Participant: 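Dumping the structure here so I can ask a few things about it.
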Amino acid sequence: MAKINIKINGKPLDLSNLPEFEEHTNLHDIARHLGITNPCVVKTTKNSYDLSHKLGDIDEKDDLNFFDFDSPEGKHVYWHTSAHVLAQAVKRLFPEVKLGIGPAIESGFYYDFDFNDCNVQISKEHLKEIESEISNIISENIEIKKEFFDKKRALDIMSDRKEIYKIDLINEKIGENGQISFYNQKEYNDVCLGPHLKSTGCIGNIALTNLTGAYWKGDAKNKMLTRIYGISFPNQTDLENYLTKLEEAKKRDHNKIGRSLKYFTTVDSIGQGLPILLPKGAKVVQLLQRFIEDLEEKNGYLLTKTPYFSKSELYKISGHWSHYQDSMFLLKTEDGDSETYALRPMTCPFQFQVYLNEDRSYRDLPMRFNETSTLFRKEQSGEMHGLTRLRQFTISEGHLACTPEQLDEEFTGCLNLANYCLELLGLERDVTFRFSKWDKNNKEKYIGSEKDWEDSQEIMRKILDSQNLNYTEADGEAAFYGPKLDIQFTNVYNKEDTLITIQIDFQLARRFEMKYTDASGEKKYPFVIHRTSLGCYERTLALLIEKYAGAMPMWLAPEQVRILPVNENLINYSQELKTNLENFGIKRIKVDTHNEKIGYKIRAAQEEKIPYMLVIGNKEVETSKISVRHRTNGDLGLMSLSDFVKLAVDEIENKTIN
RNA sequence: GCUGGCGUAGCUCAGUUGGUAGAGCAAUUGAUUUGUAAUCAAUAGGUCGUGGGUUCAAGUCCCUCCGCCAGCUCCA
């Protein structure tokens with residue numbers, strides 16, 4: 001038998017002492033022989049193979065890459081098989097259930113079911129029952145076998161079982177003479193491409209984590225099925241650790257601590273997606289906004305201030321009226337005015353009017369406009385969430401007009417500005433970049449020709465590549481007028497949202513007749529870049545709360561210092577100290593005047609995540625010093641006032657993150 | 001918009017099979033005058049998200065609407 005090259009999770013294995021394997025040995029046994037504890041899948045340059053495959057089944061034997069649970073590839077297979085086990089368990093408990101699909105996801109897996117024919121209102125109570133059936137299936141260690149059928153046979157099998165969704169899938173995916181693979185584990189069969197683990201016993205422990213609704217094929221026009229989410233690990237400890245970590249992450253949920261730390265609240269009578277920023281939240285937003293407006297000014301932006309609503313006419317020119325009307329709040333006047341107005345969902349058509357106010361020449365370009373812009377979008381009622389998805393929000397909005405030659409530099413400038421903001425807030429490692437493209441198969445969602453799109457996407461790709469940006473690509477995520485670079489972050493529930501976006505627009509200048517005269521006197525359309533520097537303030541606030549678990553960096557802290565007099569006689573002295581510190585540039589200070597012991601006041605300040613606590617007792621008065629306590633570093637001891645001022649002011653001015 | 005869960009004092013929660021609301025923290029007042037994560041006591045504060053229905057009687061059962069949460073769809 002020929003020698004084989006073996007890799008584990010992509011790393012080459014030292015082959016010096018390897019035995020030669022027989023053709024009939026299965027991959028699982030080979031993996032075990034190599035000392036891999038939790039083998040999941042074998043990949044060659046061409047294919048993926050189930051571990052039940054025999055070595056002889058493989059054509060490309062020279063290059064076997066074993067993936068175990070420690071690799072993303074391995075986890076994917078592990079979780080996919082776990083989904084099948086879940087489906088098998090549900091099928092055993094509810095024989096009439098209809099199966100949807102059950103893929104692995106980023107962490108864990110899900111399976112969609114239709115319980116319609118089961119005469120049961122499935123609820124979270126049932127998950128325990130299903131979990132215990134899952135344990136049975138794992139201990140039965142059922143072998144997982146792959147089998148191929150032609151389309152007709154596959155349809156017959158699934159028709160017998162009234163698996164309407166599987167029938168739908170087979171019809172959709174398989175051509176008339178096509179073959180389809182089934183994975184069988186005892187009484188359970190599923191149409192599936194695989195690959196899968198060798199047997200159900202290869203799975204350690206499964207926990208079911210959620211039960212929700214989900215549309216069949218992800219289409220809101222289709223029936224809603226019941227989705228059960230789960231996660232699995234080779235051992236119980238890892239599973240428990242994962243679940244604990246999940247719970248810990250939820251403790252940072254901005255929607256929870258943002259409310260309890262009094263950054264924001266919501267009021268039933270005001271309505272969904274319309275939060276109240278309380279003084280603490282409003283202060284952080286104000287600080288961010290001042291900072292951004294100054295920064296943009298330094299970067300050559302011209303400030304604009306445009307109306308919050310307009311006649312429908314404006315949106316008809318921009319294309320919003322036909323592409324976006326469902327998401328706009330319309331204002332109808334009832335005094336006989338036939339005009340319909342609408343609150344603005346975007347700033348672009350308004351800010352363009354600034355450009356249009358004069359004839360522009362190439363000498364004017366690039367032009368960079370910025371505005372702290374409040375927008376209104378009629379999101380569907382189920383969409384709103386905390387501070388991240390709102391019906392009214394305020395964004396650090398900007399539009400740039402430039403010549404084709406300037407596009408690269410201007411785009412890069414926007415990217416650099418965004419990156420600078422992210423670094424400053426300590427978020428640069430928490431974001432990913434997404435190149436959002438149009439969806440060819442959904443042309444009606446976009447304006448412009450196919451060539452326009454292909455060209456502008458190519459331009460953007462070139463720029464992104466020249467910046468050595470590590471990005472993913474997403475079809476169908478573009479704006480209706482052009483491709484986007486989205487800077488994404490993940491919240492405590494592992495859900496992704498866009499923080500910052502930079503978009504190239506090759507359409508709207510034409511619609512608005514925005515032109516410039518080039519050096520030869522010719523009228524041309526400029527490129528327009530739509531961008532934010534820090535995204536919208538509410539969402540950024542939410543991200544900051546989650547990132548810092550409510551403990552804002554000193555420069556953004558709504559309360560920077562709290563003075564804690566040891567007894568009531570020291571309140572006046574503390575008030576004077578407060579004024580004194582304010583004069584040195586530490587603006588946000590409170591004195592705790594409660595008639596309580598010092599421990600109580602420290603506890604309160606700690607829970608409110610106040611950066612610095614100054615304990616004032618007789619000792620401090622006598623020595624003219626202050627006792628400084630930091631929220632994370634604890635008691636810093638006695639310090640002169642000037643030393644503390646230096647420390648604090650330095651942190652504020654340098655926007656230190658700690 | 002859809003699926004499921006939830007909605008009792010400012011906050012976190014109790015409230016048995018329907019019999020006209022409880023606790024802790026916070027607040028206020030008093031005592032204490034306190035040295036690095038909760039001093040003690042008293043007082044005040046809800047008509048149980050909204051509107052309707054069933055009942056002799058509803059926080060507790062039914063319906064409507066509003067809001068909150070998770071997920072889906074959509075999206076900055």
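Here the structure is a predicted model, which is why all the values come from computation and not from measurement. Computed from heavy atoms alone, side chains included, the values below leave out hydrogens, waters and symmetry copies. Residue numbering restarts at 1 for every chain, and letters A, B, ... go by the order of the sequence lines.
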Participant: On RNA chain B, nearest-nucleotide positions of E379(A) versus Y493(A): which is more 5'?
Facilitator: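 Its nucleotide being nearer the 5' end, the pick is Y493(A).
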
Participant: Check the distance between rG71(B)'s C1' and N491(A)'s CG and give it to me in whole angstrom.
Facilitator: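 After rounding, the reported distance stands at 12 Å.
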
Participant: With heavy atoms under 4.0 Å as the rule, sort R629(A) into base, sugar-phosphate or nothing.
Facilitator: base

Participant: Would you say H594(A) places a side-chain N or O within less than 4.0 Å of OP1 or OP2 belonging to rA27(B)?
Facilitator: yes

Participant: With both distances kept under 3.5 Å, what pairs with rA41(B), Watson-Crick or G-U wobble?
Facilitator: rU29(B)

Participant: Under 4.0 angstrom, heavy atoms only, what part of the nucleic acid is G386(A) near: base, sugar-phosphate, or nothing?
Facilitator: sugar-phosphate

Participant: Over how many whole Å does the gap from I101(A) atom CD1 to rC72(B) atom P extend?
Facilitator: 12 Å

Participant: Sticking with atom P, work out how far rG30(B) lies from rU17(B), rounded to a whole angstrom.
Facilitator: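 It works out to 45 Å between them.
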
Participant: With P as the reference atom in both, quote the distance from rC2(B) to rC61(B) in angstrom, rounded to an integer.
Facilitator: 24 Å

Participant: With a 4.0 Å cutoff (strictly under), does any side-chain N or O of K484(A) reach OP1 or OP2 of rA76(B)?
Facilitator: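 Looking at the OP1 and OP2 atoms of rA76(B), one of them is under 4.0 Å from a side-chain N or O of K484(A).
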
Participant: Quick one: label E596(A) by what it contacts on the DNA or RNA (base, sugar-phosphate, nothing), any heavy atom closer than 4.0 Å.
Facilitator: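 Base: the residue E596(A), judged by heavy atoms under 4.0 Å, touches a nucleobase.
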
Participant: Atom OH of Y612(A) to atom P of rU36(B): distance rounded to whole Å?
Facilitator: 20 Å

Participant: Once hydrogens and angles are ignored, does a donor-acceptor distance under 3.5 Å link the base of rC75(B) to the side chain of R389(A)?
Facilitator: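 For R389(A), whose side chain was compared with the base of rC75(B), there is a donor-acceptor pair (under 3.5 Å).
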
Participant: On a whole-Å scale, what distance lies between the C1' atoms belonging to rA27(B) and rC66(B)?
Facilitator: 29 Å

Participant: For rG7(B), which nucleotide is its Watson-Crick or G-U wobble mate, given both distances must be under 3.5 Å?
Facilitator: rC66(B)

Participant: Answer with yes or no whether the side chains of Y481(A) and Q503(A) bring together a donor and an acceptor at under 3.5 Å.
Facilitator: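 Yes - a donor-acceptor pair under 3.5 Å links their side chains.
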
Participant: Closest approach of E296(A) and N370(A), non-hydrogen atoms and distance?
Facilitator: OE1-ND2, 2.6 Å

Participant: Distance check: side-chain N/O of Y600(A) vs OP1/OP2 of rA26(B), anything under 4.0 Å?
Facilitator: yes

Participant: Step by step, would you call D486(A) with K484(A) a salt bridge (charged side-chain N to carboxylate O under 4.0 Å, His left out)?
Facilitator: CA-CA 6 Å; D486(A) 291 321; K484(A) 308 191 287 181; 3.6 Å; yes

Participant: When the C1' atoms of rU28(B) and rG53(B) are considered, how many whole Å apart are they?
Facilitator: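 42 Å, rounded to whole Å.
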
Participant: Could you let me know what rC74(B) is paired to, Watson-Crick or G-U wobble, both distances under 3.5 Å, or none if it's on its own?
Facilitator: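 Base-paired to nothing in any strand shown.
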
Participant: Side chains of E651(A) and Y612(A): donor-acceptor distance under 3.5 Å anywhere?
Facilitator: yes

Participant: Between atom CD in E608(A) and atom C1' in rA38(B), what is the gap in whole Å?
Facilitator: 14 Å

Participant: Which part of the nucleic acid, if any, lies within reach of I122(A) when heavy atoms closer than 4.0 Å are counted: base, sugar-phosphate only, or nothing?
Facilitator: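 Nothing: the residue I122(A), judged by heavy atoms under 4.0 Å, touches no strand.
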
Participant: On a plain distance test, is the side chain of Y215(A) in donor-acceptor contact with the base of rG1(B) below 3.5 Å?
Facilitator: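 Side chain to base: pair present.
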
Participant: Please state how far atom CG in D112(A) lies from atom P in rG4(B), giving the value in whole angstrom units.
Facilitator: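 My rounded result for the distance is 15 Å.
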
Participant: Select from M384(A) and C536(A) the residue whose nearest nucleotide in RNA chain B is closer to the 5' end of that strand.
Facilitator: M384(A)

Participant: With a 4.0 Å cut-off on heavy atoms, is S327(A) in touch with a base, just the backbone sugar-phosphate, or nothing at all?
Facilitator: nothing

Participant: For Q606(A) and rU36(B), is the shortest distance between a side-chain N/O and OP1 or OP2 below 4.0 Å?
Facilitator: no

Participant: Specify the separation, in whole Å, of atom CG of L246(A) and atom P of rA70(B).
Facilitator: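 To the nearest whole Å, that distance equals 13 Å.
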
Participant: Which part of the nucleic acid, if any, lies within contact of K601(A), taking any heavy atom under 4.0 Å across all strands shown: a base, the sugar-phosphate backbone alone, or nothing?
Facilitator: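 Here K601(A) touches no strand at all.
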
Participant: Atom CG of L211(A) and atom C1' of rG4(B): how far apart are they, to the nearest Å?
Facilitator: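 Those two atoms, CG and C1', are 7 Å apart.
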
Participant: Just compare rA37(B), rC75(B), rG71(B) and give me whichever is closest to any side-chain atom of K445(A).
Facilitator: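 Looking only at side-chain atoms, K445(A) lies closest to rC75(B).
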
Participant: Heavy atoms from C-beta onward define the side chain here; which of rU33(B), rU39(B), rC75(B) lies closest to that of K597(A)?
Facilitator: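 The closest nucleotide is rU39(B).
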
Participant: Decide whether N210(A) and Y110(A) meet the rule of one side-chain donor and one side-chain acceptor closer than 3.5 Å.
Facilitator: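 N210(A) vs Y110(A): no donor-acceptor pair found between side chains.
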
Participant: State the pairing partner of rC48(B); accept Watson-Crick or G-U wobble contacts with both distances under 3.5 Å, and report none otherwise.
Facilitator: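 Across all strands, not a single nucleotide pairs with rC48(B).
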
Participant: When you check the phosphate oxygens OP1 and OP2 of rA70(B), does a side-chain N or O of H385(A) lie under 4.0 Å from one of them?
Facilitator: yes

Participant: Under 4.0 Å between any heavy atoms, over every strand shown, what does G218(A) touch: base, sugar-phosphate, or nothing? Just pick one.
Facilitator: sugar-phosphate

Participant: How is F393(A) classified with respect to the nucleic acid when contacts are heavy atoms under 4.0 Å: base, sugar-phosphate, or nothing?
Facilitator: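 F393(A): base contact, heavy atoms under 4.0 Å.
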
Participant: With heavy atoms under 4.0 Å as the rule, sort I602(A) into base, sugar-phosphate or nothing.
Facilitator: base

Participant: When you measure only distances, ignoring hydrogens and angles, does the side chain of S627(A) come within 3.5 Å of the base of rG35(B) through a donor and an acceptor?
Facilitator: yes

Participant: Can you tell me how far apart NE2 (H254(A)) and OG1 (T388(A)) are? Round to the nearest 0.5 Å.
Facilitator: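 Between atom NE2 of H254(A) and atom OG1 of T388(A) there are 5.0 Å.
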
Participant: Which nucleotide, in any strand shown, forms a Watson-Crick or G-U wobble pair with rA23(B), with both distances under 3.5 Å?
Facilitator: rU12(B)

Participant: Just how far, in rounded Å, is P of rG5(B) from CZ of R227(A)?
Facilitator: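 It works out to 18 Å between those atoms.
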
Participant: Would you say NZ of K262(A) has more than 12 non-hydrogen atoms from neighbouring residues, nucleotides or ligands within 6.0 angstrom?
Facilitator: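 Incorrect, the count does not exceed 12.
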
Participant: Using OP1 and OP2 only, check whether a side-chain N or O of R259(A) sits under 4.0 Å from rC69(B).
Facilitator: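 Checking rC69(B) against R259(A), a side-chain N or O does come within under 4.0 Å of OP1 or OP2.
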
Participant: Taking only the C1' atom of each, what is the distance from rG45(B) to rA26(B) in whole angstrom?
Facilitator: 11 Å

Participant: Over all strands shown, is G382(A) touching base, sugar-phosphate only, or nothing at heavy-atom distances under 4.0 angstrom?
Facilitator: base

Participant: Classify the nucleic acid contact of E620(A) as base, sugar-phosphate or nothing, counting any heavy atom under 4.0 Å across all strands shown.
Facilitator: base

Participant: Quick one: is rC11(B) close enough that its OP1 or OP2 comes under 4.0 Å of any side-chain N or O from S260(A)?
Facilitator: no

Participant: Counting any heavy atom closer than 4.0 Å, what does E383(A) reach on the DNA or RNA strands: base, sugar-phosphate only, or nothing?
Facilitator: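 Here E383(A) touches the bases of the nucleic acid.
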
Participant: How far does the P atom of rU64(B) sit from the matching atom of rA70(B), given to the nearest Å?
Facilitator: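 Their P atoms lie roughly 24 Å apart.
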
Participant: Regarding T372(A) and E293(A), is there a side-chain donor-to-acceptor distance under 3.5 Å anywhere?
Facilitator: yes

Participant: Tell me whether F309(A) at atom CZ has more than 12 heavy atoms from other residues, nucleotides or ligands lying less than 6.0 Å away.
Facilitator: no

Participant: So D635(A), base contact, sugar-phosphate only, or nothing? Heavy-atom distance under 4.0 Å.
Facilitator: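 Answer is base: heavy atoms of D635(A) come under 4.0 Å of a base.
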
Participant: Indicate, with a heavy-atom threshold strictly under 4.0 Å, whether N618(A) touches base, sugar-phosphate, or nothing.
Facilitator: base

Participant: Take atom P in rG24(B) and the same atom in rA44(B), then report the distance between them in whole Å.
Facilitator: 14 Å

Participant: Tell me whether Y548(A) at atom OH has more than 12 heavy atoms from other residues, nucleotides or ligands lying less than 6.0 Å away.
Facilitator: yes

Participant: Determine the interatomic distance between P on rU8(B) and the same-named atom on rC48(B); round to the nearest Å.
Facilitator: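 That atom pair is separated by 11 Å.
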
